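Following: one structure in structure tokens, then a few remarks.
Predicted model only: the values in this text are computed from it and were never measured. Atom set for the values below is all heavy atoms of this structure, side chains included, hydrogens, waters and symmetry mates excluded.
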Amino acid sequence: MLPHPQDGTAWEARHDLHQVLRGLPHRQRQVLAWTFSGYTPAEIADQLGMTPNAVSASLKKARRAAIKHLTDAGYFATGEEA
């Protein structure tokens, strides 16, 4: 049993985030994880042997995929309900 209702919501959000991450290509998952850890695109690029522009492009694709998944899961309003 969960002690607080918001704990269930937090668990669902983590579960959905894990689904998003598992569904991403390796490079997108990699740069997103580094970003979650507080690294800048320039720092990530240096560590992974990429250009900062390539890191930014991978992050953009990863974020789009995450937003789509979370929107489909009902976390964001699409405006179609109104």
Query raised in the report: Would Ile67 end up clustered with Phe36 when hydrophobic side chains under 4.5 Å apart are linked, directly or stepwise?
Result: no
Requested in this report: Could you check if a side-chain atom of Leu48 sits within less than 4.5 angstrom of a side-chain atom of Val55, using non-hydrogen atoms only?
Outcome: no
Requested in this report: Please report the shortest heavy-atom distance between Arg22 and Arg29, naming the atom on each side.
Outcome: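 Smallest interatomic distance, heavy atoms only, reads O-NH1, 3.9 Å.
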Report task. Taking all heavy atoms of Leu59 and all of Thr35, pick out the closest pair and write down the distance. Result ->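 Where Leu59 meets Thr35 most closely, the heavy atoms are CD2-OG1, 3.2 Å.
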Supply the atom-to-atom distance [X] [atom1] to [Y] [atom2], rounded to the nearest 0.5 angstrom.
{"X": "Gln30", "Y": "Ile44", "atom1": "CD", "atom2": "CD1", "result": "9.0 Å"}
{"X": "Gln28", "Y": "Arg64", "atom1": "CD", "atom2": "CZ", "result": "10.5 Å"}
{"X": "Leu24", "Y": "Arg63", "atom1": "CG", "atom2": "CZ", "result": "12.0 Å"}

Query - side chain to side chain donor-acceptor pair (under 3.5 Å): pairs with one or both residues in residues 42-58, sequence neighbours excluded - result: Thr40-Glu43
